[in-house]
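See structure below.
These numbers come from a predicted model, not from an experiment. Throughout, numbering of the chain's residues begins at 1 and tracks the sequence. Order of listing sets the numbers, starting from 1, for every ligand and every atom in it.
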Amino acid sequence: MIAERLKQIQTRISQAEQTHHRRPGSVLLLAVSKTKPADDIAAAYQAGQRHFGESYLQEALRKQQELGAFDITWHFIGPIQSNKTKPIAAHFDWVHSVDKLKIAQRLNEQRPARLPPLNICLQVNISGEASKSGITLAELPEMCGQVARLPRLRLRGVMAIPAPEEDFERQREPYKALYQAVAALNRPELDTFSFGMTGDLEAAIAEGATIVRIGTALFGARDYA
Ligand SMILES: *Cc1c(COP(=O)(O)O)cnc(C)c1O
């Protein structure tokens, strides 16, 4: 089941790359496994998936322990409280949801010396909707400058979770604006656009996504009960 869905999503990604003139293989699939058991991650892994995203720290650490023998690249994509930065700095390869300088500074101080610099995306609140997470577009240049100076972090790009839209053209708009804002910064190290989820991955790829974060289409609906 999971192997079959993984193949379908890879096909969606390849077709979107082709349709929107993106280089084949330029979009990475991040499997979002929050709320799902370690067995589901193992099934996706056996089918070839290597990058997994988690939003809840305690749950993620439990699953990482269970899956210790697997060669997984772990991405933290959830809200970050400052008292949780130490385990995040030690147990993840990427963090997509940095939206405060203080959080970046703590991750920088707490990244273990034996590990390479932690890959960072700044979360940008692009549609300015109710969701409070994310810096504004206006704050982006200054934040990039400050985070880029932290030696134990490697600033890679931006992450966005726009307000849900049904219409393809409307889905594209916020991604397009953010892509252009990043391009205007003229910082070649910003090579990562963490754009797109199950409902809008094609629009995200059309506007430059290099990572799509897919949960529901791969693992099924989440049960928060
Ligand atoms: C849960 C989550 C996803 C996955 O969303 P789906 O719609 O299930 O694909 C992607 N990104 C973030 C930040 C999430 O929290």
Side-chain angles (χ1 to χ4, degrees), residues 1-2 4-13 15-16 27-38 40-41 43-44 47 49-61 63-64 72-81 84 88 92-100 103 107 118-135 156-168 170-172 174-175 178 192-225:
M1 187 66 164
I2 287 174
E4 190 52 43
R5 286 171 168 171
L6 189 60
K7 228 184 286 169
Q8 288 165 359
I9 297 161
Q10 289 291 9
T11 302
R12 272 176 77 182
I13 291 173
Q15 285 176 345
V27 179
L28 177 82
L29 169 57
L30 176 60
V32 176
S33 44
K34 67 183 183 219
T35 80
K36 299 296 178 180
D40 285 6
I41 297 176
Q49 179 66 25
R50 289 295 178 271
H51 290 257
F52 291 87
E54 292 280 343
S55 300
Y56 308 112
L57 180 64
Q58 296 311 320
E59 178 199 333
L61 296 177
K63 287 188 269 186
Q64 287 179 349
I72 289 176
T73 300
W74 292 100
H75 298 239
F76 192 82
I77 63 173
I80 307 172
Q81 295 160 285
K84 302 282 174 64
I88 292 174
F92 287 84
D93 304 291
W94 284 77
V95 179
H96 293 227
S97 41
V98 172
D99 67 351
K100 289 186 188 68
I103 296 292
L107 291 170
L118 180 60
N119 293 294
I120 297 291
C121 291
L122 300 176
Q123 184 173 350
V124 181
N125 184 353
I126 185 70
S127 29
E129 87 282 17
S131 138
K132 321 110 262 174
S133 302
I135 62 171
R156 298 296 299 271
V158 290
M159 188 271 265
I161 313 173
E165 292 284 354
E166 294 287 321
D167 178 70
F168 181 73
R170 294 189 64 164
Q171 288 176 347
R172 292 178 68 154
Y175 293 130
L178 180 51
T192 302
F193 297 85
S194 174
F195 286 177
M197 324 204 304
T198 293
D200 68 353
L201 79 90
E202 283 85 2
I205 290 171
E207 297 300 341
T210 62
I211 299 180
V212 290
R213 309 177 310 271
I214 306 300
T216 307
L218 178 56
F219 296 117
R222 287 177 292 277
D223 182 4
Y224 288 100

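The shortest N or O to N or O distance between G215 and ligand 1 is under 3.5 Å.
Counting atoms of ligand 1 from 1 in the listed order, those under 4.0 Å from a heavy atom of R213 are 4 (C), 9 (O), 10 (C), 11 (N), 12 (C), 13 (C). Interface of I161 with ligand 1, defined as ligand atoms under 4.0 Å from a residue heavy atom, comprises 13 (C). Of all atoms in ligand 1, numbered sequentially from 1 with element shown, those under 4.0 Å from a heavy atom of I214 are 9 (O). Residue T216 approaches ligand 1 through these ligand atoms, each under 4.0 Å from one of its heavy atoms: 6 (P), 7 (O), 8 (O), 9 (O). With ligand atoms numbered from 1 in the order given, ligand 1 contributes 11 (N), 12 (C), 13 (C), 14 (C) to contacts under 4.0 Å with heavy atoms of I77.
One finds the CG atom of L30 at 5.0 Å from the NE2 atom of H75 (value rounded to the nearest 0.5 Å). Between atom NE2 of residue H96 and atom OG of residue S194 there is a gap of 4.5 Å, rounded to the nearest 0.5 Å. Of the inter-residue distances, the one linking D200 atom CG with R172 atom CZ reads 12.0 Å to the nearest 0.5 angstrom. Note that the CD atom of E202 and the CD atom of Q15 stand 8.5 Å from one another [nearest 0.5 Å]. Summarising the geometry, atom CD belonging to Q49 is positioned 4.5 Å from atom CG belonging to L29; distances are rounded to the nearest 0.5 Å.
Heavy atoms of other residues, nucleotides or ligands lying less than 6.0 angstrom from CZ of R50 number more than 12.
Here the protein heavy atom with the shortest distance to atom 9 (O) of ligand 1 is T198 OG1, 2.5 Å. Among protein heavy atoms, the minimum distance from atom 10 (C) of ligand 1 is reached at M197 SD, 3.2 Å.
Between V158 and F193, some side-chain heavy-atom pair lies under the 4.5 Å cut-off.
Residue-ligand proximity: R222 is placed with a non-hydrogen atom under 4.0 Å from ligand 1. At least one heavy atom of S55 sits closer than 4.0 Å to an atom of ligand 1.
Judged by distance alone, with hydrogens and angles left aside, the side-chain atoms of T73 form no donor-acceptor pair with the main-chain N or O of H51 at under 3.5 Å.
Nearest-heavy-atom check against atom 14 (C) of ligand 1 across M159, H75, Q123, K34 picks out K34.
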